[in-house]
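Input: a single structure, listed below in structure tokens.
Residue numbering restarts at 1 for every chain, and letters A, B, ... go by the order of the sequence lines.
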Amino acid sequence: MRVNNSMKLSFPSKSQNEAFARIVVAAFASQLDPSIEELADVKTAVSEAVTNAIIHAYENTIGPVEIEARLLNHETVEIIVKDFGKGIEDIEKAREPLYTSKPELERSGMGFTIMENFMDSLEVESTLGRGTTVKMVKTFKSIKNRE
Amino acid sequence: MRVNNSMKLSFPSKSQNEAFARIVVAAFASQLDPSIEELADVKTAVSEAVTNAIIHAYENTIGPVEIEARLLNHETVEIIVKDFGKGIEDIEKAREPLYTSKPELERSGMGFTIMENFMDSLEVESTLGRGTTVKMVKTFKSIKNRE
Amino acid sequence: MNISFSLQKNWLIIKLSGELDHHNTNYIRKKIDNKISQEYIKHIVFNLKNLTFTDSSGVGMILGRYKKIKKRGGITGVVNLNPQVKRVFEISGLFKVIKYFNSIKEAIDYFEEV
Amino acid sequence: MNISFSLQKNWLIIKLSGELDHHNTNYIRKKIDNKISQEYIKHIVFNLKNLTFTDSSGVGMILGRYKKIKKRGGITGVVNLNPQVKRVFEISGLFKVIKYFNSIKEAIDYFEEV
Ligand SMILES: Nc1ncnc2c1ncn2[C@@H]1O[C@H](COP(=O)(O)OP(=O)(O)O)[C@@H](O)[C@H]1O
Ligand SMILES: Nc1ncnc2c1ncn2[C@@H]1O[C@H](COP(=O)(O)OP(=O)(O)O)[C@@H](O)[C@H]1O
């Protein structure tokens with residue numbers, strides 16, 4: 001596993017940064033030259049993770065959101081989205097499709113399900129009152145096929 | 001002076017990150033909705049500062065490059081590009097048009113001149129053996145005119 | 001993010017363009033709810049031809065409108081989905097409750113009948 | 001970043017597309033130097049219609065080729081500059097030594113005469 005490039009980004013939990021985070025991670029991952037669909041998958045997963053930090057971790061306050069990304073070998077991207085917000089009590093329940101703690105905000109409860117489906121793997125770590133870290137990995141199969 | 005948004009990015013001094021850095025800062029600054037020309041100016045200045053960190057600060061080694069950016073009021077962007085490389089001995093001389101310490105690499109010596117011309121202000125701080133910090137500010141006049 | 005409306009008899013076409021995420025769902029939600037508060041609107045169709053991106057926040061917003069429309073016995077549909085939007089809707093199970101039309105024409109024919 | 005060449009008598013048109021920065025000047029420099037090592041090439045013109053971005057690294061690369069071409073008594077020109085590229089060239093003083101043509105036709109006419 002060779003790390004060929006890496007980056008770290010941080011920004012305040014303002015909703016205008018959801019689009020910004022998508023652009024940054026997509027620009028970084030596009031160095032591997034994935035397909036349009038694969039890049040769209042990454043953007044979607046990042047959008048979900050960043051939105052969760054903004055809505056759930058910090059609720060109506062402003063705190064830092066951090067994204068780390070690494071390009072592994074020549075076809076894999078690893079993305080970590082981290083917040084220092086309220087944390088998740090029951091991760092298993094949180095990851096269930098349709099579960100949301102904020103139905104009043106019309107949340108669909110599908111964020112984690114989308115991250116899981118659009119990426120190859122998803123790991124969630126959380127400590128109550130300390131924050132949450134989401135780690136996602138995706139191997140761009142279109143690259144392997146091209147070689 | 002109100003800071004309405006901010007971001008911090010860091011990445012290794014690899015030349016493939018020059019384009020990445022331009023995209024990130026442009027995406028961030030575009031939250032202010034500047035004109036195409038103003039955004040191109042920002043991209044150019046960032047490209048110069050990041051390239052200098054890669055070529056001059058770290059020469060043929062890899063070290064961290066950091067970019068901080070802030071949106072001030074509703075029309076000004078402040079950008080700081082920082083390296084921890086070899087530093088500049090004579091900043092005044094370095095800022096002179098056409099001066100380059102690396103003519104063998106076909107450097108034009110116009111990097112600082114372009115940063116100065118494309119942005120409203122440029123401050124350079126450097127400590128030998130410690131690194132260099134370049135701070136640039138630009139107010140998007142097209143926004144003021146629009147209001 | 002842009003939104004525009006057009007009315008055909010008792011059904012409303014809602015055209016969205018740009019990227020629909022949590023940042024702009026509030027604005028879009030208000031615009032739509034303001035429009036559908038007019039009682040003669042029974043059904044709604046989202047024309048998403050120019051929607052280049054969405055995520056589960058967009059799904060939540062559409063489901064919210066679906067619930068309002070369902071209360072008055074109306075149907076909610078979508079048409080012209082780009083591949084990313086379609087995948088998000090599929091994985092979210094949105095098509096279990098929202099009608100997927102292949103074209104505006106198909107939607108017109110459908111609503112002419114119901 | 002893409003590069004292509006076309007030859008007209010003893011002058012070479014070099015077409016660049018994409019973004020020319022320090023990251024890709026090495027590659028572009030080698031491609032061009034390999035081509036102009038052929039002695040019958042006297043003048044060169046950069047057609048930059050599809051060059052969407054450059055900075056002082058691009059300026060350095062062009063000046064480097066200019067010096068080589070000048071040694072054999074040739075002229076270096078540029079044509080079709082987008083606004084960002086033109087501004088970078090202007091501030092760098094590139095037009096003091098590089099000829100700016102308004103069109104490929106103007107370049108052709110010029111080289112027919114010299
Ligand atoms: N970063 C986070 N910090 C705190 N709680 C979170 C975070 N991310 C997710 N959660 C919890 O997990 C639940 C499920 O998340 P998700 O599947 O993305 O659906 P939704 O965002 O629609 O609620 C959320 O409702 C919330 O309670
Ligand atoms: N980040 C940096 N670290 C060390 N030296 C630098 C840095 N930036 C600029 N310099 C010095 O300043 C000189 C002038 O820089 P610049 O105007 O950008 O021209 P160029 O990059 O073409 O040499 C460089 O040649 C180098 O000696």
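- When all heavy atoms of C/I36 and C/R72 are compared, the pair lying nearest together is O-NH2, 2.7 Å.
- A/T51 touches chain C through its side chain: at least one heavy atom from C-beta onward sits under 4.5 Å away, while N, CA, C and O do not.
- Contact of C/R87 with chain A is made through backbone and side chain together, with heavy-atom distances under 4.5 Å.
- Along residues 77-94 of chain A, no residue comes nearer than 4.5 angstrom to chain C, judged on non-hydrogen atoms.
- Atom CG of C/N82 and atom CG of C/L48 lie 9.0 Å apart (nearest 0.5 Å).
- Distance NZ/C/K99 to CZ/C/F101: 5.5 Å, rounded to 0.5 Å.
- Between A/E116 and A/R95 there is a salt bridge, since a side-chain N of the basic residue sits under 4.0 Å from a carboxylate O of the acidic one.
- Residues of residues 105-113 of chain C never come closer than 4.5 Å to chain A when only heavy atoms are counted.
- No donor-acceptor distance shorter than 3.5 angstrom exists from the side chain of C/N34 to the backbone of C/K30, with no hydrogens or angles considered.
- For A/K43, the parts lying under 4.5 angstrom from a heavy atom of chain C are both the backbone and the side chain.
- Neither the backbone nor the side chain of A/N17 comes within contact range of chain C; no heavy atoms are under 4.5 Å apart.
- One finds a salt bridge joining A/K102 and A/E59 here, because a Lys/Arg side-chain nitrogen approaches an Asp/Glu carboxylate oxygen to under 4.0 Å.
- Without hydrogens or angle criteria, C/N50 side chain to C/G18 main chain gives no donor-acceptor distance under 3.5 Å.
- In this structure, C/Y100 and C/F95 have tilted ring planes: the angle between them lies in the 30° to 60° band.
- In this structure, A/N52 contributes its side chain and A/I54 its backbone to no donor-acceptor pair below 3.5 Å.
- When all heavy atoms of C/H23 and A/Q16 are compared, the closest pair comes out as ND1-N, 3.3 Å.
- Here the closest heavy-atom approach between residue C/S57 and residue C/T25 is recorded as O-CG2, 3.5 Å.
- Of all the heavy atoms in A/M119 and A/A45, the pair that sits closest is CG-CB, 3.6 Å.
- Between the side chain of C/Q84 and the backbone N or O of C/T54 there is at least one donor-acceptor pair closer than 3.5 Å.
- Of residues 22-39 of chain A, those residues lying under 4.5 Å from chain C by any heavy-atom pair are A/R22.
- Qualifying ring-ring contact (aromatic ring centres under 6.0 Å, His included) partners for C/F5, counting only residues two or more places apart in sequence or in other chains: none.
- Here the shortest heavy-atom pairing between A/E106 and C/G64 reads OE2-CA, 3.5 Å.
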